[in-house]
Amino acid sequence: GSGLVKNLSLVFLTFQNSALILVMHYSRVMPPDGDHRYFTSTAVFLNEVIKFAVSLTLAMYETSKTLAPSTPATVLFEQIYNGVFSSDGWLLAGPAALYTLQNLLQYVAVGNLDPVHFQVLYQVKILTTAVFSVLLLRRQLGLKGWVSLIILTLGVCVVSLPSSEKAADSFLLHGVPDHFFPRSKHELGQTVAGAAMPEPAPHLSKRSATYEGIAKDLPPADPIMVYSAGVSAVLISAIVSGLAGVYFEKLLKESSTNASLWMRNVQLSFYSLIAAFLGGCVYQDGAGIGEHGFFEGYNAVVWAAILLQAAGGLLASLVIRDADNIVKNFATSISIVISFIFSVWIFDFTVNITFLLGTLLVLLATYIYSVPERKTHRPPPVHIVS
Ligand code: C5P
């Protein structure tokens with residue numbers, strides 16, 4: 001039944017989360033095939049195109065079932081059109097703008113942090129989502145809820161505060177952070193001209209040694225700066241995620257029109273398309289796209305990141321409908337562990353003791369939040385026989 005759909009969506013979402021961050025990260029640190037690395041706004045835009053197409057198809061299918069069999073298709077389109085441009089549909093422009101900002105910031109964050117630090121820091125959204133749920137949805141959290149949130153916040157603080165530059169350095173991936181990657185192959189050619197690729201250090205895999213080789217010949221990256229760019233982006237993204245998610249949940253569950261999930265997703269992705277185009281493709285990357293083209297730097301990895309993100313968005317919407325944003329965030333925080341295992345394997349990720357301590361606190365918080373309260377005071381069921 002619906003419980004099975006809910007639990008399956010949660011499991012898929014957890015794996016999707018890990019895969020998305022690893023692939024997205026890789027897409028931002030791998031050397032570009034062409035002249036230039038891809039523009040993130042185009043990826044955010046195409047992600048919305050995919051979600052719009054899927055949601056529109058499902059919303060049309062749903063609507064067609066409520067109409068008589070011989071109803072012309074124009075009536076169907078009219079219904080969807082009216083939904084998007086109704087005063088109620090317009091409300092989705094709010095979460096659409098927020099989600100677009102969040103998605104653009106997420107690319108900045110994964111490009112400048114390794115996937116594991118990104119995942120741990122991004123868990124701040126558990127806290128922001130809870131606060132917005134209490135404020136906007138009048139949810140009650142209870143003692144257990146608040147205690148786990150405090151532990152979570154502590155854990156995130158422990159992970160995010162580097163004690164020295166050397167510690168900050170350990171946040172850096174063994175590659176070229178997005179922030180410092182040359183803008184074009186031409187520049188890259190200039191910086192590495194004549195320089196022989198150094199011998200790979202024995203403890204590094206071939207792949208990361210290549211990055212280090214490139215990184216060596218670039219202006220020295222200031223680890224604190226890269227770290228701050230990544231951390232600011234992930235923290236702002238977490239705040240925006242909390243607000244956007246709760247806002248969407250409120251419109252989905254508390255509006256008087258009772259529009260279906262797929263109708264809501266059509267409305268959301270329609271306004272997100274506009275936001276991603278204007279805020280991303282025109283404002284953020286307009287000059288670069290004008291010069292290099294919309295599909296500059298695209299390859300299979302970029303497409304994989306886009307498809308994973310679109311699938312994740314649709315899954316997230318199912319989970320928000322069948323459970324809520326708080327449950328979604330606690331469940332997906334398990335993806336820290338999956339990302340960790342893959343990062344050690346693929347990106348030669350190494351950890352220090354502060355990192356481990358902080359991550360353990362985050363996982364402990366997740367556990368405390370999700371175990372059911374002991375029902376010691378519940379009276380035994382009474383059967384009244386008349
Ligand atoms: O990190 P967080 O869980 O907040 O990310 C949710 C993702 O799901 C965002 O990328 C957002 O664009 C997407 N989403 C969606 N449709 C919804 C709700 C969220 O595509 N109805």
Side-chain angles (χ1 to χ4, degrees), residues 9-10 12-21 24 40-41 43-56 58-59 89 91-107 109-110 118-130 132-133 233-253 255 259-273 275-276 279-280 305-336 339:
S9 320
L10 282 170
F12 278 129
L13 193 62
T14 303
F15 281 97
Q16 176 274 342
N17 248 278
S18 322
L20 173 68
I21 300 310
M24 236 189 187
T40 55
S41 61
V44 173
F45 180 81
L46 292 174
N47 156 47
E48 296 302 338
V49 171
I50 296 169
K51 287 190 297 186
F52 182 73
V54 174
S55 308
L56 186 63
L58 291 173
L91 292 176
L92 273 288
L98 292 170
Y99 271 135
T100 304
L101 176 63
Q102 180 205 349
N103 290 334
L104 288 169
L105 283 170
Q106 193 170 352
Y107 271 101
V110 288
F118 172 87
Q119 289 280 23
V120 176
L121 295 174
Y122 198 36
Q123 301 312 309
V124 164
K125 75 181 175 182
I126 298 183
L127 181 69
T128 58
T129 301
F132 287 121
S133 297
V234 70
L235 292 182
I236 300 171
S237 182
I239 296 169
V240 177
S241 157
L243 182 57
V246 172
Y247 196 165
F248 178 77
E249 186 176 340
K250 192 173 172 73
L251 292 177
L252 186 65
K253 293 178 178 172
S255 105
S260 76
L261 174 70
W262 297 112
M263 192 60 215
R264 285 302 187 203
N265 280 343
V266 168
Q267 297 166 340
L268 182 69
S269 46
F270 178 80
Y271 292 109
S272 300
L273 273 172
I306 294 170
L307 287 172
L308 273 168
Q309 198 181 23
L314 297 172
L315 272 174
S317 72
L318 280 172
V319 172
I320 294 171
R321 180 191 66 185
D322 296 340
D324 60 47
N325 276 289
I326 303 184
V327 170
K328 162 178 147 302
N329 291 343
F330 270 109
T332 53
S333 67
I334 300 302
S335 59
I336 294 175
S339 296

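Positions are given from 1, in the same order as the sequence printed here. Side chains included, hydrogens not; waters and symmetry mates left out as well; all remaining heavy atoms used. Each ligand, and each atom within it, is numbered from 1 in the order the structure gives.
- Considering only heavy atoms from C-beta on, Lys51 stays 4.5 Å or farther from Asn265 through its side chain.
- Of all the atoms in ligand 1, the ones that sit under 4.0 Å from a non-hydrogen atom of Asn103 are 9 (C), 10 (O), 12 (O).
- Between Leu10 and Val327 the shortest side-chain heavy-atom distance falls below 4.5 Å.
- The protein atom (non-hydrogen) at minimum distance from atom 1 (O) of ligand 1 is Tyr122 OH, 2.6 Å.
- For atom 17 (C) of ligand 1, the closest non-hydrogen atom of the protein is Leu268 CD2, 3.5 Å.
- Checking Arg264 against Ser317 by side-chain atom types alone, no donor-acceptor pair falls below 3.5 Å.
- For ligand 1, the atoms sitting less than 4.0 Å from at least one non-hydrogen atom of Phe248 are 21 (N), numbered in the order shown with element in parentheses.
- Remark: distances from the non-hydrogen atoms of Gln106 to ligand 1 are all 4.0 Å or more.
- Contacts of Arg264 with ligand 1, taken as heavy-atom pairs under 4.0 Å, are absent altogether.
- Atoms of ligand 1 lying under 4.0 Å from at least one heavy atom of Lys328, given by number and element, are 2 (P), 3 (O), 4 (O).
- Looking only at side-chain heavy atoms (C-beta outward), Phe270 and Gln267 stay at 4.5 Å or farther from each other.
- Regarding atom 8 (O) of ligand 1, its nearest protein heavy-atom neighbour is Gly313 CA, 3.4 Å.
- Judged by distance alone, the side chain of Gln16 and the main-chain N or O of Leu308 form a donor-acceptor pair under 3.5 Å.
- Here the shortest heavy-atom pairing between Ala323 and Lys253 reads O-NZ, 2.7 Å.
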| field | Thr129 vs Asn329, side chain to side chain donor-acceptor pair (under 3.5 Å): CA-CA, chis, key distance, verdict | value | CA-CA 8 Å; Thr129 301; Asn329 291 343; 2.9 Å; yes
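- With a 4.0 Å cut-off on non-hydrogen atoms, Thr332 does not touch ligand 1 at all.
- Below 4.0 Å from some heavy atom of Gln102 lie the following atoms of ligand 1, by number and element: 1 (O), 2 (P), 4 (O), 5 (O).
- Scanning the protein heavy atoms around atom 4 (O) of ligand 1, the nearest turns out to be Ser241 OG, 2.5 Å.
- Contact record, Leu91 with Pro95: O-CD, 3.4 Å, taken as the closest heavy-atom pair.
- Given atom 21 (N) of ligand 1, the protein heavy atom at minimum distance is Asn265 OD1, 2.9 Å.
- For Thr128 (side chain) and Ala238 (main-chain N/O), a donor-acceptor pair under 3.5 Å exists by modelled atom type.
- When hydrogens are left out, the protein atom nearest atom 20 (O) of ligand 1 is Lys51 NZ, 2.5 Å; that is the closest non-hydrogen contact.
- For atom 6 (C) of ligand 1, the nearest protein heavy atom (residue, atom name, distance) is Tyr99 CE2, 4.1 Å.
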